[in-house]
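Report on the following structure.
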Amino acid sequence: MSDTQTLALPRNPPGDLAIWFFIFAELLAFGIFFLAYAFARAKNVELFNQSQLLLNRESGMVNTLVLITSSYFVVRAVAAIREGFSQVCARWLLGAIGLGGVFVAVKLAEFHAKFAAGISLHTNTFYMFYLSLTIFHFMHVLMGMVILGFVAVKARRGGYSADSHTGVETGASYWHMVDLVWLILFPLVYVIR
Amino acid sequence: MQYQSQAVAKPYFIAAIGLFVGQILFGLIMGYQYVVGDFLFPALPFNVARMVHTNLLIVWLLFGFMGAAYYMIPEESETELVSPGLAKLMFWIFLIAGALTIVGYLAVPYATLAKMTGNDILPTMGREFLEQPLITKAGIVVVALAFLFNITLTVLKGRKTSVSLVLLLGLWGLAVFFLFSFYNPANLVVDKYYWWWVVHLWVEGVWELILGALLAFVLIKVTGVDREVIEKWLYIIIAMTLITGIIGTGHHYYWIGTPEYWQWFGSVFSALEPIPFFMMTVFAFNMVNRRRREHPNKAATLWALGTGVMAFLGAGVWGFLHTLAPVNYYTHGTQITAAHGHMAFYGAYVLVVLTIISYAMPILRGRAANSERAQVMEMWAFWLMTVAMVFITLFLTAAGILQVWLQRATDTPLPFMAVQEKIALFYWLREATGVVFLIGLIVYVLSFFAKGETKAA
Amino acid sequence: MFFFLLFLALTFDTQGVLPKRDHRENITDAVVRGKHIWERNDCIGCHTLLGEGAYFAPELGNVYKRRGPDFIKAWIKGQPTGVPGRRQMPQFHLTDQELDDLVAFFKWTSEINTSNWPPNIEG
């Protein structure tokens, strides 16, 4: 049974179909937000460039690496469950959640520094976007961690198997989406000038 | 009819249709006042007619929602309603309170009504759509609580389905957000900010959940498609609704004194608001195409498909038309807003209530579907009203574009009244199509009395 | 849910900065009374205020700047005009005190920072 399934052509989207509607919607929301950013920037390049210099690119870079690594962990988790190794899967997932925690900690430190410097949504348009986009994404990271948490607990209890692990794929898809958004957000807001 | 207690829905549906007729008559009076300004003045000033027009709309839709819930919930929960008696009692309380309120609007000047009903104790009146006297507002809360109590307990004791859960969530949300109508701070900006929590979070939030549940229920019944399939669609649609609709409230926070970042938030999220409506259209057509049986009630299917299409056009397309802040800067508070309001309310809420009535009413009257002749009349009514509404919307849009052009987006703006006179032609056209709408409505009402052979339920 | 939290967070932030935009320190007792007069005569049933209301009669958010206090009072007193076929505004029998309060409300409203809306004085 499992042989025929692995040998068959890749099934269309892994995980629950509903999550793909979500992912599509989320990407659309972020996409439009990014477009709006580009639009606002075009009208005020000076301001955006100047404000951008004050961002902490090191912490952004660290977080990029952290998220990419976490995505790799999630890939390993899915690979493990496809072989039927529940405990291995759970451990990779916990690793990914841990890295999510690192991201959150770094981000919080960054927010703290910004707020301490008196920066708010009203400082200027650039900061409005910077804070909105990063906080919006930050909440998605938290959400992703919760989802992965549920999946990890279920995996640890042996709730998935090589044949039936839609839940793992669903959670993984969501996490990759969160990672993908950051991979666009980071260069766009922190780097590109 | 599978459960006896479903019968309580009938008076709710009848009242809904009756009040709908009243709403349209007042709409025609207002449309006429737009061109012949002193028509019926001072007996019926425009503001009173408008109050009656909009309040009747809200009340009859609420009657429709409640009737729908009383009809659907026993069937979904596979159990009798907890208290049919309470449902009947609440019907009469709501109807009498509503009628008294309307009589109050018409009989005495609004300021007198405010004084008589104790508006000085807690001033909540005189805000758009929330004009009801304090006691009426309190009455609405009482009726809503008794209704929710009845419905919720029924769901709890019976089978729990996605349709009934979504419906419950929508109805509870409706009641909770209505509480903001009691909050009326002296600061106009704050007042407006939370006023939208009733108005926007109703029509672009929780009401959409009700809409989704009603549509899903009727589609399950008339198409025979698997419940699982329809429920999955329903979940995705309501998730999209909440994702876009809640922060989409921001599109009302552009020019009322709120911070400028709302122009970004409002534009981004409300630009996505057409998506759930588009999905609803696709959903409705998809389910009907995949139908597993031919339900004898063809009219109900037509109303359901119409809901999908018209909700998408009215709420989705016409909403998107002026939702982006730079556009809205010019169109805010013009006839464009009126055009959108008319088609969105008709497409989304009027049609969905008529859909459920069309499906449920024959069954409540002891047959699976109405006679061929009655159904043909109903379909005629659908097309007359829908086409009329499309034209009303188009004429108002044309009027709105001209208004923006002459009064807003120009170096030599004309005063409001001068502009109104220049666009009077479109108001005449609107009024004429309004008459067509009324004819459609009359045909609709007559369809209930059409004779002919029917099959037993 | 999550979007509702975000909405609440934005609401909280908005509440924080509103005082700078609505100049609430200028809300005198007269302004408060004026708002009640505005409400209990259902002015919103014909007019718009900051673009919200009915579209039958002119925008009044900036009427103070467009017409000035004396014109507003004289206009309200002089209603209805009785011009045949023209849109009519009822006579509300406001006292001089009430007219002053209403004007105070219009004055305060016209000073709200509305991000430069309406586009011009005609509203």
Side-chain angles (χ1 to χ4, degrees), chain B residues 30 33-34 36-38 41-42 45-48 50-51 109-111 114-115 119 123 125-128 131 184 186-190 192-193 242-243 246-247 249-250 252-263 265 329-330 332-335 337-338 407-409 413-417 420, chain C residues 1-4 6-7 10-11 13-15 17-18 21-22 24 27 31-32 35-46 48-59 80 82-92 105 108-109 112-123:
Chain B
M30 292 161 67
Q33 285 177 334
Y34 251 93
V36 181
D38 54 358
F41 187 86
F46 181 86
N47 62 342
V48 175
R50 182 178 198 260
M51 210 153 55
Y110 191 70
K115 192 161 209 154
N119 193 51
M125 292 171 71
R127 293 175 301 151
E128 197 185 4
E131 296 95 348
N184 180 18
N187 185 332
L188 182 72
V189 180
V190 183
K192 281 177 176 292
Y193 190 92
L242 295 177
I243 289 174
I246 294 175
I247 301 182
T249 316
H252 301 292
Y253 295 160
Y254 297 160
W255 327 113
I256 60 167
T258 31
E260 269 150 42
Y261 58 64
W262 283 111
Q263 293 179 24
F265 283 109
Y329 182 66
Y330 291 103
H332 180 52
T334 63
Q335 294 299 326
T337 320
Q407 188 189 322
R408 295 262 175 87
L414 293 174
F416 179 90
M417 280 311 296
Q420 293 296 308
Chain C
M1 201 64 274
F2 167 121
F3 288 85
F4 195 68
L6 214 57
F7 183 60
L10 285 168
T11 297
D13 183 82
T14 298
Q15 289 282 14
V17 289
L18 268 189
R21 298 177 62 92
D22 61 27
R24 59 188 62 178
I27 302 181
V31 174
V32 175
K35 182 166 184 276
H36 290 161
I37 294 163
W38 165 268
E39 286 167 357
R40 72 168 172 261
N41 291 294
D42 194 39
C43 306
I44 203 92
C46 291
T48 49
L49 189 66
L50 305 186
E52 293 166 5
Y55 321 110
F56 189 69
E59 161 71 26
V83 179
R86 196 184 157 85
R87 295 181 192 173
Q88 298 293 316
M89 174 165 158
Q91 173 54 250
F92 292 110
F105 173 63
W108 173 77
T109 304
I112 295 170
N113 179 353
T114 55
S115 307
N116 208 21
W117 193 91
N120 63 59
I121 196 70
E122 296 297 346

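Keep in mind that this is a model prediction, so the values were computed, not measured. The sequence lines fix the lettering, A, B, ..., with proteins before strands; numbering per chain opens at 1.
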Taking every non-hydrogen pair under 4.5 Å, which of [options] racks up the most with chain B?
options	value
C:Trp38, C:Phe4, C:Phe92, C:Phe105	C:Phe4
C:His36, C:Lys35, C:Met89, C:Glu59	C:Lys35
C:Leu49, C:Thr48, C:Val83, C:Thr109	C:Leu49
C:Val32, C:Asn120, C:Asn113	C:Asn120

Could you report the tightest heavy-atom contact between [X] and [Y], atom names first, then the distance?
X	Y	value
C:Ile44	B:Glu128	CG2-N, 3.6 Å
C:Asn41	B:Tyr110	C-CD2, 4.1 Å
C:Leu18	B:Pro259	CD2-CD, 4.4 Å
B:Phe46	C:Ala54	CE2-CB, 4.2 Å

Review point. What part of C:Gln15 lies closer than 4.5 angstrom to a heavy atom of chain B: side chain, backbone, both or neither?
Key: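 Contact with chain B is through the side chain of C:Gln15 alone.
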**Study point:** chain B contact via C:Leu10 - which portion, at a heavy-atom distance below 4.5 Å
**Key:**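 For C:Leu10, backbone and side chain are both near chain B.
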Please state whether the side chain, the backbone, both or neither of [X] comes within less than 4.5 Å of a heavy atom of chain C.
X	answer
B:Tyr34	both
B:Gln407	both
B:Arg127	both
B:Leu242	backbone
B:Tyr254	backbone
B:Met51	side chain
B:Pro413	both

Exercise for review: Using only heavy-atom distances, determine whether the side chains of C:Thr11 and B:Tyr193 contain a donor-acceptor pair under 3.5 Å.
Suggested key: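 Short answer, yes.
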